[in-house]
Amino acid sequence: MMSTIDRGHWSSKLGFILAAAGSAVGLGNIWKFPYITGENGGGWFVLIYLICIACVGLPIMTAEIFIGRTAQSSPVGAFRALSRPGSPWIGVGWLGVATAFVILSYYSVVAGWAMHYAWLSISGAFARISPDQIAPIFATGDLSDPGLYENAPLNLLWHILFMGLTIAIVIGGIRGGVERWARILMPVLFLFLLVLLGRAMTTEGFAGALDFVFGPHSDKLTPAGVLEALGHAFFTLSLGMGAMITYGSYLKSDDDLVTTSITVSVLDTIIALVACMVLFPIIFAYGMEPSAGPGLVFVSLPIAFAQMPAGSFWATLFFVLLTFAALTSAISLLEVAVSYFIDEKGWKRSRATLLCGGVILVLGIPSALSGGTELFGAGFQSATGALGIKEGAGLNWFDFFDYLASNWMLPLGGLGIALFVAWRVGGEAREQGFRAGTQYGRLYWAWIHLLRYVVPIGVVLVFLNAIGLLGILDEIAW
Ligand code: PFF
């Protein structure tokens, strides 16, 4: 059922750009990108990532905004409106809604850690503890006692707080909630990042960091790393699950989709690179390893901050920034789920938000407990291992959800979106839609060819990698 409720619109193009950039810039940029860059040896990995953003990410972003703006509806309704009755394309919309539930459930747990760390920095707790007490906080979520079981509830508490904040903002609607908060949080985020960059530039690690991120080091790059870069391009730009379809649906039909897609992608990319230029100099200056993995931001960095003059101040800036980045992304994840119930079921926003937020909160509990409980940690890991996941090693609940979303759901959704726009939408409507209101109409040919050929091939490679068929190539030195 299509609802007659006024869905709302952005107040201006800037409002849309800030909200869409808010969705794109998140934990993916500031937590995940630096650590996967570190694991893959920097240099060539970054170059390949940039190529993936330009050739796969950007065309899909434009395709998503095109679908939303044309249909003026969230993903399920949009696929229904633009395809023939009973057509299976609507499944891409369903998949998007399901993906929003999956991603936000564990995303909120990481965001909760960021909030927890912001609190530890502000309250001065970090200044009072020794560096070797930091790793146990990350592993277990507790400061006083590194025993596993007692600490799990603390992760849960911060997950609940973060979800509560996200729900409170989304309930306010598009202009009064999503856009209003993007207008407040995004400028603060930019400012904090610049100040931190200024600080990082004065450390002696800066030149080494520049070389690490932009220098040509090929020894660590593997085909799996190339595909990781591709998969991350989806995650970081919020693509493949209809977040940009949803945000695009609040645009007016002649708003320029090319300039907005380029602006959002470029902003997202710059922030990921700047995040590296903040993190690595500090990591290098204090003798830490860039390849620390997920603990780079939550273990190595706080240890470095602890040794820095005025470390609590810098740690506060960093973790507040990380929390804000996560919040604007979480808002978009929740909005995908909420807008489905508003558009399709005719629910009121408050009801849809409370219900979806509540379900996601509950779905996130196993992720919050993954580090500390037998059931969702080791037990779940051996169960998934028995199914052959991760070459039989298995994954705990949290890692399994991330694996499911990043390796399967987002690329599959992205493939569906690209194929739909490239092969199913009427050629004339597509070309007119692309050219509406933009001075970049001449890019149409490139856009359509990227969607038709480059994106599908790239995504199929991600799948082959995920089922281990390309793993054998890892053995071959480049
Ligand atoms: N782009 C976000 C990040 O980089 O952290 C994550 C994300 C948000 C993915 C929204 C997907 C999405 F729909």
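All ligand and atom numbering here is 1-based and tracks the order in the structure.
Using cut-offs of 30° and 60° for the angle between ring planes, the H232 and F33 rings count as parallel. Using bins of under 30°, 30° to 60° and over 60° for the plane-to-plane angle, the ring pair F298/Y117 lands in the perpendicular bin. Taking the six-membered ring where the residue is Trp, F401 and Y106 present perpendicular rings, their angle passing 60° and hence far from 30°. A perpendicular orientation is assigned to the rings of Y453 and W423, their planes being inclined by more than 60° (bins at 30° and 60°). Between Y403 and W408, the ring planes lie perpendicular to each other; the angle is over 60°, past the 30° to 60° tilted range.
For ligand 1, the polar-atom distance check against G28 finds a nitrogen or oxygen pair separated by under 3.5 Å. The shortest N or O to N or O distance between T236 and ligand 1 is under 3.5 Å. Ligand 1 has an N or O atom lying under 3.5 Å from an N or O atom of L27, backbone or side chain. Residue L237 has no N or O atom closer than 3.5 Å to an N or O atom of ligand 1.
Aromatic rings from W10 and Y247 are positioned such that their centres are separated by under 6.0 Å.
With hydrogens left out, the protein atom closest to atom 11 (C) of ligand 1 is S238 CA, 3.5 Å, a heavy atom. In this structure, atom 9 (C) of ligand 1 lies nearest to the protein heavy atom F235 O, 3.4 Å. For atom 5 (O) of ligand 1, the nearest non-hydrogen atom of the protein is Y107 OH, 2.5 Å. Distance from atom 13 (F) of ligand 1 to its nearest protein heavy atom, with residue and atom name: M241 SD, 3.0 Å.
K32 has no carboxylate O lying under 4.0 Å from a charged side-chain N of E39, or vice versa, which leaves the two without a salt bridge.
Checked by atom type, the side-chain pair D343/S339 shows no donor-acceptor distance below 3.5 Å.
Near S332, with a cut-off below 4.0 Å to any heavy atom, the atoms of ligand 1 are 10 (C). Annotation for ligand 1: atoms under 4.0 Å from non-hydrogen atoms of A243 are 13 (F). Proximity to S23 (heavy-atom distance under 4.0 Å) selects the following atoms of ligand 1: 1 (N), 2 (C), 8 (C), 10 (C).
Under 4.0 Å from ligand 1, the heavy atoms of A24 that appear belong solely to its backbone.
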